[in-house]
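Working notes, beginning with the structure itself.
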Amino acid sequence: MADKNIDKEALKAQKEAEKAAEKAKKERIKASKPKKEGTVFSRGTAAVKKFCKDFVGTCKKVAWPTGKQVIKNSGIVLATIAVIAVAVFGVDWALTEVFDLAKQGAVSLGEQFAIEETTEEETTAETTTAGESTTASSEETTEEGETSEETSAEETIGEEAASEETTVAE
């Protein structure tokens with residue numbers, strides 16, 4: 001039991017020593033910090049002066065290029081920009097031409113399909129009008145000189161509309 005008491009006392013002493021060491025460390029840090037002297041504006045002015053002094057010192061350390069080197073490097077930059085501009089223009093022009101060709105091809109295909117659809121519709125319309133216009137004579141002409149086929153198509157459309165009206169009325 002005596003060993004347990006001794007161990008507890010040793011742990012307490014160790015903890016107190018650690019706390020004292022931390023306190024001493026904090027006090028040393030606090031003491032090592034410089035105290036702020038003056039107002040905010042005087043400290044700010046001093047900081048700006050220090051910055052400017054350091055900046056000038058750094059600028060003196062920089063290896064500034066000569067006028068010849070600046071002109072040479074500027075020429076290289078401008079030549080590189082010109083080459084890239086020509087390359088971008090070339091790619092843009094080529095893609096524009098490709099898309100224009102594709103557009104023309106699509107339009108011609110669309111016109112071709114439209115012509116095929118129109119001819120199919122015309123043949124369908126002619127067969128339906130020819131079947132319904134058998135009552136009218138095919139050699140008759142109207143006052144304007146139209147053939148009976150043209151007028152029969154108009155007549156059949158009118159007849160269809162009239163028959164639809166009567167169906168709706170019933």
Side-chain angles (χ1 to χ4, degrees), residues 1-126 128 153-154 157-158 160-165 167-169:
M1 201 163 218
D3 288 337
K4 288 184 183 180
N5 288 336
I6 294 173
D7 289 338
K8 286 182 184 180
E9 290 175 14
L11 288 173
K12 282 183 185 181
Q14 187 179 4
K15 287 181 185 180
E16 288 177 9
E18 288 175 2
K19 285 182 184 179
E22 286 181 36
K23 232 181 205 185
K25 186 177 178 182
K26 287 181 183 178
E27 287 177 12
R28 273 186 274 133
I29 292 172
K30 201 176 202 184
S32 67
K33 286 186 182 178
K35 293 185 179 181
K36 297 179 182 178
E37 295 181 13
T39 63
V40 173
F41 297 111
S42 65
R43 288 192 313 254
T45 305
V48 170
K49 285 180 184 177
K50 184 177 185 279
F51 172 78
C52 291
K53 187 178 178 183
D54 291 343
F55 179 74
V56 169
T58 304
C59 287
K60 287 180 182 178
K61 294 177 186 177
V62 172
W64 297 100
T66 64
K68 215 176 199 181
Q69 289 174 332
V70 170
I71 291 173
K72 180 182 173 185
N73 291 340
S74 298
I76 291 171
V77 168
L78 291 175
T80 304
I81 290 171
V83 168
I84 291 172
V86 168
V88 168
F89 175 77
V91 169
D92 180 48
W93 178 79
L95 289 175
T96 302
E97 291 298 318
V98 167
F99 284 120
D100 285 344
L101 286 173
K103 184 179 175 183
Q104 289 174 357
V107 168
S108 66
L109 283 174
E111 289 174 353
Q112 187 178 16
F113 287 127
I115 291 171
E116 290 175 1
E117 289 176 2
T118 308
T119 54
E120 289 175 6
E121 290 175 1
E122 288 176 356
T123 54
T124 307
E126 287 177 4
T128 56
E154 293 173 0
I157 291 172
E160 289 174 2
S163 66
E164 287 178 10
E165 288 177 5
T167 309
V168 171

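Hydrogens, waters and symmetry mates play no part in the numbers below; they use all other heavy atoms, side chains included. All residue numbers in this chain count up from 1 along the given sequence.
Note that the CZ atom of Arg28 and the NZ atom of Lys25 stand 7.5 Å from one another [nearest 0.5 Å]. If you take CD on Glu16 and NZ on Lys12, they are separated by 8.5 Å, rounding to the nearest 0.5 Å.
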query: Can you list the steps and then say if Gln14 with Leu11 is a side chain to side chain contact (heavy atoms under 4.5 Å, CB included)?
result: CA-CA 5 Å; Gln14 187 179 4; Leu11 288 173; 4.1 Å; yes
Show the atom names and distances, to 0.1 Å, of all donor-acceptor pairs under 3.5 Å that link a side chain in residues 81-109 to residues at least two apart or in another chain.
from: Thr96; atom 1: OG1; to: Asp92; atom 2: O; distance (Å): 2.7
from: Ser108; atom 1: OG; to: Gln104; atom 2: O; distance (Å): 3.3
from: Ser108; atom 1: OG; to: Gly105; atom 2: O; distance (Å): 2.9

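Residue pairs satisfying the salt bridge (charged side-chain N to carboxylate O under 4.0 Å, His left out) criterion with at least one member in residues 57-69, sequence neighbours excluded, are absent. Applying the salt bridge (charged side-chain N to carboxylate O under 4.0 Å, His left out) test to residues at least two apart or on different chains, the pairs with a partner in residues 40-52 are Lys50-Asp54.
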